[in-house]
Protein chains: 2
Amino acid sequence: MKKKITMKEIARELDVSISTVSKALNNSSEISQDTIDKVQAFAKLYNYKPNNIALSLKNKKTKNIAVIIPEIVHHFFTMIISGIEHKANELGYNVIVCLSNESFAKEVINMETMANGSIDGFLLSLSKETLLKKDFHHLREVINQGMPLVMFDRISDEIYCDKVIIDDARASYNTVKHLVYSGCNRIALLTTPDYVSVGKLRTSGYINALMDEGIEIDEKLIVKIDKIEELEEKVKVLFDTQTFDAVFGVNELYAVVAMREAHNRGFKIPQQMSFVGFSDGILSKYAYPTLTTVVQHGYEMGQKAAKMLIDRLENEDDDGSYKTDVIKTSILQRESTKPI
Amino acid sequence: MKKKITMKEIARELDVSISTVSKALNNSSEISQDTIDKVQAFAKLYNYKPNNIALSLKNKKTKNIAVIIPEIVHHFFTMIISGIEHKANELGYNVIVCLSNESFAKEVINMETMANGSIDGFLLSLSKETLLKKDFHHLREVINQGMPLVMFDRISDEIYCDKVIIDDARASYNTVKHLVYSGCNRIALLTTPDYVSVGKLRTSGYINALMDEGIEIDEKLIVKIDKIEELEEKVKVLFDTQTFDAVFGVNELYAVVAMREAHNRGFKIPQQMSFVGFSDGILSKYAYPTLTTVVQHGYEMGQKAAKMLIDRLENEDDDGSYKTDVIKTSILQRESTKPI
DNA sequence: ATGAAAGCGCTAACAC
DNA sequence: GTGTTAGCGCTTTCAT
């Protein structure tokens, strides 16, 4: 069990001062080549590695960033984390993952525990509860302390900071148009309550597309699902009470569950009924039939967010202007919709 | 932008010494109630929070643990992370996530960068490449430094440390028996190459179950799939060249893809052909028909692993004995298999 | 070319 | 009851 060696010990062994060791290890021009060689050889021999914590304390930066997400068991979020991790590592940063579990309290605690020196900046996607309460004091606090914050996907307009989002409304608009052009005109929408920003935007895109196409909005075709537990029941009720020729789900799960129900009721897909979901995940890809979806490019979103944060960290010239990056989406046509 | 305040500043403002502030904040009995009140009030007013980095340096512990996993975009791994995160937070630790992307080099780098003081211990699931190379020097190194390591799921018997695993062989054995009892006797196996420890164990469980049931092993029914890209093709070949009445996949994806192929070829499921997968994920749950699977309890596994590591961290009495926890699995009967 | 000393923020043994 | 001091591991300014 050879414990980690410190500069102090190297200094003692080589009978030089600690500062000489420090400079030698950093190839300082102040030090003779002889000493440099000697110190570096010794350091390598004993596998010396500088202590990150000491460096953090000295430099006032940790090279760690925290990402706080509502949930990790979601394809979209895991793709985002992948992207963040990749980009952060590439730029020399480590990623600390915190889960809010959609809870406001947990989100606040996470931010508070991380804000005390453990990290250099935050990457955050708001929990549903925070979105509902509209209480953002914890975000304001870290921003006031001068700690950079980049929000992604589930953001708030009330907070002034860098952001990365999807063009949700447009994506939804395009999708509905796509369905219309493929011959559908009674399009059901499975969405979330309006307090979820992305759900609201997708709903508005749906409405605008139908209006632009001169199709009447039928409120009965808009189903708002809050908790996953009510999903199956609400879908059944929709099928029991309404007629329609397409279903657009604001996430892949909604769409797949609806598709299964259609299957069970004997509908031919996509001939009699079409399906589109949001966020191209594993479910869409392996559903039967495979599901046409809006591709959100989560990996790219994660990379962009990480880049934005690190740029901010490494550029002192903080001019006080924040930017919002919008990630383009695209429609991935598979078996659940008719070709246009 | 009110910067973080330090003890030094509190001391200056209140005209007492830094150590008095320290003690007052820690409610030391050495300090008069008066001073304690005064200091704490001031601290609260200015929202003083101790600097984690300074504490880490002083205490020689960071309250951070690193988890290194091959991939994050896998339901099983995300469940494990959830479990780890939950348990770690509960016990006062933060989780730093590192992805090896199944690469040996990345795994080594991850461990090296984290081992220099950033964390107190490791949670690790080996990358495929490491499993193939059987090069574990990086693990030995951190263990030698006295840093605790707990391996989970993809482990190596060559390394002496705490472990948490699934009873893979038994789970597989039970599953095959389950299929036999439900009336199947030509059971195809979709598995990974043997260097993936869990794949190997599952394959052996399959073989043992068949032997115990007096069913001949047909090597042609055992398909080893290394890369995801060859999955669909190999499944097609299986269907083209063999006859069978059940498919057992060592993960849910393999099973679902095979089930789709069966669907496309007009097989009635489960009447003509049964399907079982491993690891109860989102795919199994929403497949059509829903897929019977082996439940691996990833969340529980993550919790156990985190608990084990933290126990080790907080109990100095390291008696040099390591333990291996085996998580029980269970079969979740859904629509893709006949009831027994 | 080398070393002494201060300091990052905090704790704790020891002095007064 | 309060303050002084040393120290965690490292960097850096300022002597020498």
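Because the structure is predicted, anything quoted here is derived from the model rather than measured.
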Side chain of [X] only, please: which of [options] is the nearest?
X       : options               : result
A/Leu55 : D/dG9, C/dG3, D/dT11  : D/dT11
A/Glu30 : D/dT13, D/dT2, C/dC10 : D/dT13
A/Lys58 : C/dG9, D/dC8, D/dG9   : D/dG9
B/Pro50 : C/dC8, C/dC10, C/dA4  : C/dC10
A/Lys23 : C/dA4, C/dG9, C/dA1   : C/dA4
A/Thr35 : C/dC8, C/dA1, D/dT2   : C/dA1

Is any side-chain nitrogen or oxygen of [X] closer than 4.0 Å to OP1 or OP2 of [N]?
X       : N     : value
B/Lys61 : D/dC8 : no
A/Lys60 : C/dG9 : yes
A/Thr20 : C/dT2 : no
A/Ser32 : C/dT2 : yes

Distance in angstrom units between [X] [atom1] and [N] [atom2], rounded:
X       : N      : atom1 : atom2 : result
B/Arg12 : D/dT2  : CZ    : C1'   : 19 Å
B/Met7  : D/dT4  : CE    : P     : 14 Å
B/Asn59 : C/dC10 : CG    : C1'   : 8 Å
B/Asp15 : D/dT2  : CG    : P     : 12 Å
A/Ile53 : D/dG9  : CD1   : C1'   : 11 Å
A/Leu57 : C/dT11 : CG    : C1'   : 13 Å
B/Leu14 : D/dT2  : CG    : P     : 11 Å
B/Leu25 : D/dT2  : CG    : P     : 14 Å

| request: For atom NE2 of A/His74, decide whether the heavy atoms of other residues, nucleotides or ligands shown that lie under 6.0 angstrom number more than 12. | output: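 At most 12 heavy atoms, drawn from other residues, nucleotides or ligands, come within 6.0 Å of this atom.
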
| request: Take B/Ile18 and A/Ser22, find for each the nucleotide of DNA chain D with the closest heavy atom, and name the residue whose nucleotide sits nearer the 5' end. | output: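 Its nucleotide being nearer the 5' end, the pick is B/Ile18.
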
| field | Backbone N/O of A/Lys323 and side chain of A/Asp162: donor-acceptor pair under 3.5 Å | value |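 Flag set: sc A/Asp162 to bb A/Lys323 pair under 3.5 Å.
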
| said: I'd like to know if the side chain of B/Lys61 and the backbone of B/Leu57 have a donor-acceptor N/O pair within less than 3.5 Å. | reply: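 Checked: no pair found.
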
| Touch check for B/Ser19, heavy atoms < 4.0 angstrom, all strands: base, sugar-phosphate only, or nothing? |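 Counting heavy atoms under 4.0 Å across all strands, the contact made by B/Ser19 includes a base.
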
| request: Mind checking B/Ile31 for me? I need base, sugar-phosphate or nothing, with any heavy atom below 4.0 Å counting as a touch. | output: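 Result for B/Ile31 = base.
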
| Roughly how far, to the nearest 0.5 Å, is CD1 of A/Ile310 from CG of A/Leu123? |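 Between A/Leu123 CG and A/Ile310 CD1, I get 8.5 Å after rounding to 0.5 Å.
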
| Just by distance, with hydrogens left out, do B/Glu102 and B/Ser127 show a side-chain donor and acceptor under 3.5 Å apart? |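 There is no such pair (donor and acceptor under 3.5 Å, judged by atom type) between the side chains of B/Glu102 and B/Ser127.
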
| said: Regarding B/Glu314 and B/Lys63, does a basic nitrogen lie under 4.0 Å from an acidic carboxylate oxygen? | reply: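 A salt bridge links B/Glu314 with B/Lys63.
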
